[in-house]
Amino acid sequence: MEGWPAESAQRLAKARALRAHDVDPYPTRFERRQTFTEIIAAHGGKSLEELEAASQAVQIAGRVMLKRPMGKASFATLSDGEARLQVYLRLDDLGERAYRLFEDLVDLGDFIGVAGTVMRTRKGELSVQARTLTFLSKALLPPPEKWHGLQDVEARYRQRYVDLVANPEVRKVFVKRSAMVSEMRRFLDVRGYVEVETPMMQPIPGGALARPFKTHHNALGIDLYLRIAPELYLKRLVVGGMERVYEINRNFRNEGISSMHNPEFTMLEFYTAYFDCRDVMAITEELVAAAAHRALGEGLAATYKGRGISFDRPFKRVRMTQAVADVAEEQGWGIDEAGIADPVGLADWLRSAPRPSKVTPGSKDFEMFSLEISWAKHGGLSHGNRVAQLFEVFVERRWDPETTRLWEPTFVVDYPVDISPLAKVHPDRPSVADRFELFAAGMEIANGFSELNDPLEQRQRFLDQIGRREKGDEEAHLMDEDYVRALGHGLPPTGGCGVGIDRLAMILTDSPSIRDVILFPHMRPER
RNA sequence: GGGCCGUUAGCUCAGUGGUAGAGCGCCUGCCUUUUAAGCAGGGUGUCGUGGGUUCGAUCCCCACACGGCCUACCA
């Protein structure tokens, strides 16, 4: 009890007093016969007289949220997590002993069970009039303030159990998230996809460009990495004939924490043999719309950060170069999409672009200037990387609801091959990958492509990545010989996609921070 | 990594270079249909931690810790 408030000693004394009266403060079970939701559904519409005539017996249990003792009668508001229900306790109904036990030894936060009849008070509130009272569990710590709840952000994340009790809307967020995920499972299951689980600990962390967490296996004497993506394992399964597979599970990335990033986050990845990028886009659109409609109610649009966002199909589509060109036009940069798409044209434009004589932080000039420094630092980037960075800095990073161009669900297509080491090149254009990303509310929600299945080309892509790693790119891919060997056995034409569950949940629950949709977000340890 | 803000009772929050404040909770008493029940009485505390300035610091200064927001990194 080190560090517990003084009130805990009083509550502990009450637990002892219960034992002195032969009442176990922590009994084993209770036969709860109705939830509050069931009682409200069954009797919520009945009048005082109807309830009195029916004399409906119920047996309920819950946590004491409010207590209103009035001498020889009391009201208590119980919560069963999902709903609240008032209980009316009278000395005449319960008897001296049980009534005194309630008045003297039941605290806010304790669990009690009540058998009684459904009634309505004079003021009209549906209640249960108690005939018997069963003590169910003693809370030694006091609950937060009954009106304001638990406000302290840090305490809410660290002690989510208190947050859930004190702030009922928190539960709704996670129930909605659950509905969204279960709809995704249903969607895939009915289309013949098999849900699988692949290694969380991997000897070679692959499938994404990110820094991994490292751990060690003592018995094997080897280092392992927490996975940054399941991708390479899922495609091995397609090689093995599992033509439709998916996994919904955690990825771990050893990067910064922000309102959009948690070190562990949940991803859906699904792979479909004989699909290409366009097929994947179509089914992703259907999947995301179905999940959104399940969470929001059919046809309802989400409201995120005060701005509406519709998940009705079809979603918008834009080429990456086009998205950059739109900004260029808006800003009067004097370059069009053809220029951006052309390596020479873009290079010329960058060379001839007026250099900022006075660089103001936050301005376009400043961001261009920062990009130049960044490009110089990395020994000059490929054309694809330049386009991708322009997109990232001038389109993607602008995720403010007012100015973002990626608010409504939007597929960005034609990603440069350079940043897509696991994707096939576009059938008609060798410089872009057959790949898309889905954005909504300015955030990247999904990423899909035609999977590269030529083992020799894949090995060469890995070698290119290794070259970057040697130049200091810690996020570049590592060589995965076993994956190349798997491709050597033949991967059918396959389309795959990853969907960020947390970010989609943020949008559908109007949560400004990813921590609001993760029950136990990562924090520094308390001291 | 940088900037700004915060940290006071169990909770929500005021506040002052000189004995620490409110509401809720809690404790005592009254009250048999209340609604954040009410009435009367009671203040329960390492003012985040460590150092400094001062006769005296919760307050001013420095460092640190934790948190929030912004920003950077993430090629």
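Within every chain, numbering begins at 1; the chains are lettered A, B, ... in the order of the sequence lines, protein sequences first and strands thereafter.
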If we ignore angles and hydrogens, is there a donor and acceptor under 3.5 Å between the side chains of [X] and [Y]?
| X | Y | value |
| --- | --- | --- |
| A/His148 | A/Glu145 | yes |
| A/Gln129 | A/Thr117 | no |
| A/Asp464 | A/Gln460 | yes |

Sticking with atom [atom1], work out how far [N] lies from [M], rounded to a whole angstrom.
| N | M | atom1 | answer |
| --- | --- | --- | --- |
| B/rG45 | B/rC13 | C1' | 15 Å |
| B/rG3 | B/rU44 | C1' | 39 Å |
| B/rG43 | B/rG18 | P | 23 Å |
| B/rG29 | B/rA57 | P | 42 Å |
| B/rU58 | B/rU19 | C1' | 13 Å |
| B/rG48 | B/rU33 | C1' | 47 Å |
| B/rA65 | B/rC31 | C1' | 50 Å |
| B/rC59 | B/rU49 | P | 10 Å |

- prompt: For the base of B/rU34, is there a side-chain donor-acceptor partner from A/Arg68 under 3.5 Å away?
  reply: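 Per atom types, the contact qualifies.
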task: Give a yes or no on whether a donor-acceptor pair under 3.5 Å exists between the nucleobase atoms of B/rU35, that is its base, and the side chain of A/Thr121.
output: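 Yes, a donor-acceptor pair under 3.5 Å.
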- request: Just compare B/rU33, B/rU32, B/rC27 and give me whichever is closest to any side-chain atom of A/Met119.
  value: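 Output: B/rU33.
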field: A/Leu150, nearest nucleotide to its side chain (from B/rC11, B/rC26, B/rU35)
entry: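 For A/Leu150, the side-chain atoms sit closest to B/rC11.
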Using only side-chain N and O atoms of [X], determine if any of them is under 4.0 Å from OP1 or OP2 of [N].
| X | N | result |
| --- | --- | --- |
| A/Lys14 | B/rC27 | yes |
| A/Lys123 | B/rU34 | yes |
| A/Lys146 | B/rA36 | no |
| A/Arg90 | B/rU32 | no |
| A/Arg211 | B/rC73 | no |

Taking 4.0 angstrom as the limit, do [X] and [Y] come out as a salt bridge?
| X | Y | answer |
| --- | --- | --- |
| A/Asp434 | A/Lys424 | no |
| A/Asp104 | A/Lys14 | no |
| A/Arg160 | A/Asp163 | yes |

query: Between A/Gln322 and A/Val413, does a side-chain contact (heavy atoms from CB on, under 4.5 Å) hold up when you go through it step by step?
result: CA-CA 10 Å; A/Gln322 184 188 344; A/Val413 298; over 6 Å; no
message: In whole Å, I'd like the distance from the CG atom of A/Asp110 to the P atom of B/rC26.
response: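 Going from A/Asp110 (CG) to B/rC26 (P), I get 11 Å.
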message: Defining pairs by Watson-Crick or G-U wobble geometry with both distances under 3.5 Å, how would you list the stems of RNA chain B with at least three pairs each?
response: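 Ordered by first number, the stems with RNA chain B (at least 3 consecutive pairs each) read B:1-7 with B:65-71, B:10-13 with B:21-24, B:26-30 with B:38-42, B:48-52 with B:60-64.
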- prompt: Which parts of residues 416-425 of chain A get close to RNA chain B, meaning a heavy atom less than 4.0 angstrom away?
  reply: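 Only A/Ile419 qualify.
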task: Pick base, sugar-phosphate or nothing for A/Gln151, based on heavy-atom distances below 4.0 Å to the nucleic acid.
output: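 Sugar-phosphate only.
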